[in-house]
Amino acid sequence: MHLVVAARTAPNRAVRFGGEHDDLDSRGRRDAAALASRLPRAGRVIAGPERSVTQTARLACGLFGVDPRLASLDVGRWRSTAPESVDPAQLGAWFGDPLWSGHGGESVGAFVGRIRGVLAALAAGGPATLVVAGPVAQAVLCEDAASFFAAEVCPGGLYTVTL
């Protein structure tokens, strides 16, 4: 399975929670278009529902389907907020406890579990390329919810996942 991370948005560059819901910036559009020549063509192309994700899929892959189950981590009231604007104790709790959801959204543990379940269902359908938001790629690539933040992904990155 191939995994494409949505290309860059202005909020990605500025480091804001939920930047995947915005449009690609000019560099993001260039990076997504450049992916088209590097992307192996095998099986279905399935994208998450966020705006930057579908824009990346369109530029990199052409035809694709959207699966809302591949939605990014719901960060609740932190969406569009810079990390330095969040209470440091809450931010520490979020980074330290995969079950914490004090922002009113989804815990990292629930999110990783959700994405792993979707991944298993999609893998049963045969070869696929998934185009997803950065947090979804982290959920796919991490060992478990406790190591979610250690999984580094790059906007516009291409990864191969063996299930």
Side-chain angles (χ1 to χ4, degrees), residues 1-29 31-32 35 45-60 64-122 128-159 161:
M1 181 172 290
H2 299 287
L3 187 66
V4 174
V5 181
R8 192 177 85 168
T9 67
N12 288 148
R13 189 178 69 244
V15 187
R16 298 215 180 269
F17 291 110
E20 61 271 12
H21 297 281
D22 292 314
D23 290 317
L24 298 178
D25 65 11
S26 58
R27 178 176 167 188
R29 288 189 298 275
D31 291 349
L35 276 170
V45 177
I46 305 165
E50 296 82 12
R51 197 168 20 202
S52 68
V53 174
T54 59
Q55 289 173 350
T56 299
R58 188 170 293 108
L59 289 165
F64 63 95
V66 173
D67 190 328
R69 298 175 302 168
L70 290 171
S72 190
L73 174 64
D74 176 2
V75 292
R77 65 182 167 278
W78 290 359
R79 185 169 169 186
S80 300
T81 302
E84 59 270 12
S85 299
V86 173
D87 173 36
Q90 287 192 346
L91 204 55
W94 186 55
F95 280 113
D97 180 0
L99 301 179
W100 187 88
S101 61
H103 47 49
E106 195 172 19
S107 74
V108 168
F111 172 65
V112 170
R114 174 173 62 84
I115 294 301
R116 296 284 175 89
V118 172
L119 190 64
L122 292 175
T129 296
L130 303 182
V131 183
V132 298
V136 176
Q138 285 176 268
V140 170
L141 296 172
C142 69
E143 291 280 326
D144 55 25
S147 64
F148 173 79
F149 293 108
E152 294 184 32
V153 297
C154 180
L158 172 61
Y159 302 86
V161 179

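For reference, positions follow the sequence shown, starting with 1. Note that the structure is predicted; figures quoted are calculated from it, not measured.
The CG atom of D31 sits 8.0 Å away from the SG atom of C154 when rounded to the nearest 0.5 Å. The line from OG of S101 to CG of D74 is 9.5 Å long, rounded to the nearest 0.5 Å. Taking CZ of R29 as the start and CG of L59 as the end, the distance is 8.5 Å to the nearest 0.5 Å. Rounding to the nearest 0.5 angstrom, the gap separating the CZ atom in F64 from the OG1 atom in T54 is 5.0 Å.
Scanning both residues, R79 and G18, for their nearest heavy atoms gives CG-CA, 4.3 Å. Counting all heavy atoms, side chain and backbone alike, A47 lies closest to A57 at CB-CB, 4.0 Å. Looking at every heavy atom in both residues, V153 comes nearest to Y159 through CA-OH, 3.3 Å. The shortest non-hydrogen separation linking S52 to T9 is CB-CG2, 3.5 Å. R51 and D23 get closest at one heavy-atom pair: CD-OD1, 2.9 Å. Nearest heavy atoms, A137 versus V5: CB-CG2, 3.6 Å.
Summarising the local packing, CD of E143 is surrounded by 12 or fewer heavy atoms from other residues, nucleotides or ligands at distances under 6.0 Å. Around CD of E152, the count of heavy atoms belonging to other residues, nucleotides or ligands within 6.0 Å does not exceed 12.
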| message | Applying side-chain contact (heavy atoms from CB on, under 4.5 Å) to V132 and L3, what does each step give before you reach the verdict? | response | CA-CA 7 Å; V132 298; L3 187 66; 3.6 Å; yes
| request: Starting from the C-alpha separation in whole Å, work towards a yes-or-no answer on side-chain contact (heavy atoms from CB on, under 4.5 Å) for V140 and M1. | output: CA-CA 11 Å; V140 170; M1 181 172 290; over 6 Å; no
| request: Could you please spell out the steps behind the side-chain contact (heavy atoms from CB on, under 4.5 Å) verdict for W100 and V108? | output: CA-CA 7 Å; W100 187 88; V108 168; over 6 Å; no
| Where do F148 and W94 land on the ring pair (Phe, Tyr, Trp, His ring centres under 6.0 Å) test, with the steps shown first? | CA-CA 11 Å; F148 173 79; W94 186 55; 7.4 Å; no
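In terms of the salt bridge (charged side-chain N to carboxylate O under 4.0 Å, His left out) criterion, residue partners of D67 (sequence neighbours excluded) are, by chain and number, R69.
Checked by atom type, the side-chain pair E50/S72 shows no donor-acceptor distance below 3.5 Å.
Formation of a donor-acceptor pair under 3.5 Å by the S107 side chain with backbone atoms of A110 is found in this model. The closest donor-acceptor contact from the side chain of R77 to the backbone of G105 lies at 3.5 Å or more, if one exists at all. In this structure, the side chain of R116 engages the main chain of A139 through a donor-acceptor pair within 3.5 Å. Checked by atom type and distance alone, the side chain of T56 never pairs as donor or acceptor with a backbone atom of A6 at under 3.5 Å. Between the side chain of Q55 and the backbone N or O of L24, at least one donor-acceptor pair lies under 3.5 Å.
Within the 4.5 Å cutoff, no side-chain heavy atoms of P88 are placed close to those of L91. No side-chain heavy atom of V112 sits under 4.5 Å from any side-chain heavy atom of P98. Put simply, the side chain of F17 does not reach to within 4.5 Å of the side chain of H103, judged on heavy atoms. Residues V4 and L158 are in side-chain contact: their nearest non-hydrogen atoms beyond the backbone lie under 4.5 Å apart. Side-chain contact check for V136 versus V53: every heavy-atom pair is 4.5 Å or farther apart.
Evaluated for a side chain to side chain contact (heavy atoms under 4.5 Å, CB included) with L73, the options E106, Q138, R114 yield exactly one hit, E106.
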